[in-house]
Amino acid sequence: MDSLWFVSATIFLSTIFLCSTIFRFSCSNYRRSKKLPLGSLGWPFIGETLEFISCAYSDRPEKFMDKRRRLYGNVFKSHIFGSRTIVSTDAEVSKFVLQSDARVFVPSYPRSLTELMGESSILVINGNLQRRVHGLIGAFFKSPQLKAQITQDMQKYVQESMSNWKDDQLIYIQDETKTIAFHVLVKALISLDPGEEMQFLKQQFQEFIAGLMSIPIKIPGSRLYRSLQAKKKMVKLIQKIIQEKRKGNSTKIPKDVVDVLLNDASDQLTPDLISDNMIDFMIPGEDSVPLLMTLAIKYLSDCPRALQQLMEENMKLKTLKSQTGEPLCWSDYMSLSFTQNVITETLRLGNIITGVMRKAMKDVEIKGHLIPKGWCVFTYFRSVHLDDSLYDWPYQFDPWRWQGLNNNYLTRTLVTILQQNTSPTKIILMRAAVWPDQMTDQMPDSYVAWRVPLPHKLETPS
């Protein structure tokens with residue numbers, strides 16, 4: 001009888017405790033759901049990823065976002081790339097996310113990308129090691145000697161490329177800029193000059209980069225597997241260069257990024273870490289920078305007034321340098337104010353980087369929207385950059401819109417943050433890609449064509 005009473009009491013108390021816990025959890029979920037942005041998580045496991053990717057490869061990449069903005073507003077929930085995600089197409093929310101430190105948001109990437117980058121990548125490591133590597137490389141990219149080298153190399157490779165252009169020849173601008181940017185960047189990273197090894201590296205890198213946004217399956221023959229095999233071949237080449245530098249007692253004055261990392265006394269900077277990150281830093285030279293250069297030339301070709309003003313500004317600098325006998329330097333490029341406006345407008349309209357993903361380290365509330373701990377945030381730039389409430393004629397190439405800092409200050413700040421959250425090599429190469437020394441009144445009468453991937457098709461007002 002006593003044991004029956006004890007069991008009954010235990011069951012009764014357990015039931016009360018369980019009901020109380022469920023009630024508190026339900027209340028908490030109810031309060032959280034009241035603040036969670038509206039939206040849909042899509043299908044189980046795959047979420048809305050397939051629709052997102054199919055729209056990205058269409059002639060209207062922001063169609064996925066525009067549909068949900070109309071239904072749910074500028075901030076909404078979704079499920080893409082295997083993660084529950086809050087998508088922001090709001091300039092203020094995106095600015096807050098990108099400017100927050102690691103206590104609030106940390107970088108987040110699709111699994112296929114992290115598989116390819118490896119555990120030693122600067123995108124994956126954190127803490128003191130990440131700050132150390134980022135500080136060393138960042139300081140070198142800002143150094144006067146590197147800027148001088150990139151300026152000289154850019155002029156050299158552009159001259160070599162243009163010297164092969166002939167009248168009545170079809171010139172594919174994106175192919176030309178890919179070769180130029182990749183050569184300049186690889187020279188800055190590992191001091192490799194054009195030749196057989198450079199050609200081998202470029203071929204393997206193209207195989208490698210094709211798997212960055214692939215299905216994360218590593219079986220032989222899969223896209224990810226082939227990309228990983230290509231990376232192994234690149235690592236072998238770069239580690240050979242590292243060994244040669246160590247045997248030759250690398251100079252204390254660094255000539256490239258490998259020298260910078262080898263000169264550091266830290267035991268954490270292993271050959272694997274150095275080679276992995278050299279490959280990561282090659283991405284701008286093969287992908288985003290060439291595309292950005294191509295779009296800049298396309299936009300200028302479609303806007304004769306902007307092209308004329310750009311030519312006049314650059315030719316004025318060229319004439320001045322010819323009179324003084326001084327070579328072009330980095331500060332000369334930065335003094336070209338209209339040219340800088342062209343670059344900024346190309347970043348806005350081209351949307352080379354469509355967005356950035358971050359992971360919330362704690363519950364965060366922004367403008368009344370709750371971003372739960374563990375959820376991803378996708379700050380989508382295209383919708384902000386092409387928002388007609390922020391820009392007059394957003395699909396029109398208009399570099400003059402950046403002449404006044406008071407115009408569209410919030411979104412200009414967002415473009416600046418985008419530059420700050422981008423590899424320094426992208427902006428450095430883009431700025432060095434304006435070539436006053438090659439500008440003449442008589443250019444080859446060549447046919448110019450563009451090769452722009454579908455996700456970056458040019459938009460026109462409907």
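This chain uses plain numbering: 1 for the first residue, then up along the sequence. Note that these values count all heavy atoms, side chains included, but never hydrogens, waters or copies made by symmetry.
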Item to check | Pair Val186-Lys202, side-chain contact (heavy atoms from CB on, under 4.5 Å): steps then yes or no | outcome: CA-CA 10 Å; Val186 170; Lys202 196 172 192 301; over 6 Å; no
Return the minimal non-hydrogen interatomic distance between [X] and [Y], and the atom names on each side.
X      : Y      : answer
Arg401 : Asp392 : NH1-O, 3.2 Å
Ala188 : Phe140 : O-CE2, 4.0 Å
Leu224 : Gly211 : CD1-O, 4.3 Å
Leu116 : Lys231 : O-NZ, 2.6 Å
Ile219 : Tyr225 : O-CB, 3.2 Å
Ile86  : Val75  : CG2-CG1, 3.7 Å

Is any side-chain heavy atom of [Y] closer than 4.5 Å to one of [X]?
X      : Y      : value
Met282 : Ile238 : yes
Lys187 : Pro194 : no
Leu300 : Val342 : yes
Arg132 : Asp264 : yes
Glu176 : Met293 : no
Trp43  : Thr49  : no
Asp153 : His183 : no
Trp400 : Arg305 : yes

Please say whether more than 12 non-hydrogen atoms of neighbouring residues, nucleotides or ligands are located less than 6.0 Å from [atom1] in [X].
X      : atom1 : result
Met361 : CE    : no
Arg226 : CZ    : yes
Arg223 : CZ    : yes

Checklist entry - Is there a side-chain contact (heavy atoms from CB on, under 4.5 Å) between Leu129 and Leu269 once you walk through the steps? => result CA-CA 9 Å; Leu129 179 58; Leu269 301 183; 4.1 Å; yes
Checklist entry - Just checking, is any N or O donor in the side chain of Ser389 or Asp387 under 3.5 Å from an acceptor N or O on the other one? => result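 A donor-acceptor contact under 3.5 Å links the two side chains.
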Checklist entry - With under 30° as parallel and over 60° as perpendicular, where do the rings of Phe76 and Phe64 fit, or are they tilted in between? => result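 Answer is tilted, since the angle falls between 30° and 60°.
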Item to check | Aromatic ring pairing Phe96/Phe105, orientation class (parallel under 30°, perpendicular over 60°, tilted between) | outcome: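 Taking Phe105 first and then Phe96, their aromatic rings stand perpendicular (interplane angle over 60°).
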Spacing of [X] atom [atom1] and [Y] atom [atom2] [to the nearest 0.5 Å]:
X      : Y      : atom1 : atom2 : value
Tyr333 : Thr339 : OH    : OG1   : 10.5 Å
Ile80  : Glu51  : CD1   : CD    : 11.0 Å
Leu307 : Ile297 : CG    : CD1   : 10.5 Å
Thr85  : Tyr380 : OG1   : OH    : 14.5 Å
Ser335 : Gln340 : OG    : CD    : 8.5 Å
Leu201 : Leu237 : CG    : CG    : 6.0 Å

Is the backbone N or O of [Y] less than 3.5 Å from a side-chain atom of [X], with the two atoms forming a donor-acceptor pair by type?
X      : Y      : result
Asn351 : Thr354 : no
Thr379 : Ser88  : no
Ser121 : Gly118 : no
Asn277 : Ser120 : yes

Checklist entry - Who are the salt bridge (Lys or Arg N to Asp or Glu O under 4.0 Å) partners of Lys233, not counting sequence neighbours? => result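 None.
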Next on the checklist: Just to verify, what does Lys218 make a salt bridge (Lys or Arg N to Asp or Glu O under 4.0 Å) with, not counting sequence neighbours?
Outcome noted: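 Here the qualifying residues are Glu115.
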Next on the checklist: Could you walk me through whether Ile53 and Phe81 satisfy the side-chain contact (heavy atoms from CB on, under 4.5 Å) test, starting with their C-alpha distance in whole Å, then the side-chain angles of each, then the deciding distance to 0.1 Å, before giving a yes or no?
Outcome noted: CA-CA 10 Å; Ile53 293 176; Phe81 297 119; 4.2 Å; yes
Item to check | Candidate pair Leu273 and Asp276, rule side-chain contact (heavy atoms from CB on, under 4.5 Å), full reasoning | outcome: CA-CA 5 Å; Leu273 183 143; Asp276 276 353; 5.9 Å; no
Item to check | Between Phe205 and Phe182, ring centroids under 6.0 Å | outcome: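 Yes; Phe182 has its ring centre under 6.0 Å from that of Phe205.
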Checklist entry - Is the distance between the ring centroids of Phe281 and Phe141 under 6.0 Å? => result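 Here the rings of Phe141 and Phe281 have centres that are less than 6.0 Å from each other.
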Checklist entry - Got a sec, which residues hit side chain to side chain contact (heavy atoms under 4.5 Å, CB included) with Ala230, two or more places apart in sequence or on another chain? => result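 Only Gln204, Glu207, Phe208 meet the side chain to side chain contact (heavy atoms under 4.5 Å, CB included) criterion with Ala230.
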Could you check whether [X] pairs with [Y] (Lys NZ or Arg NE/NH1/NH2 to Asp/Glu carboxylate O, under 4.0 Å)?
X      : Y      : value
Asp363 : Lys35  : no
Glu345 : Arg348 : yes
Asp66  : Arg69  : yes

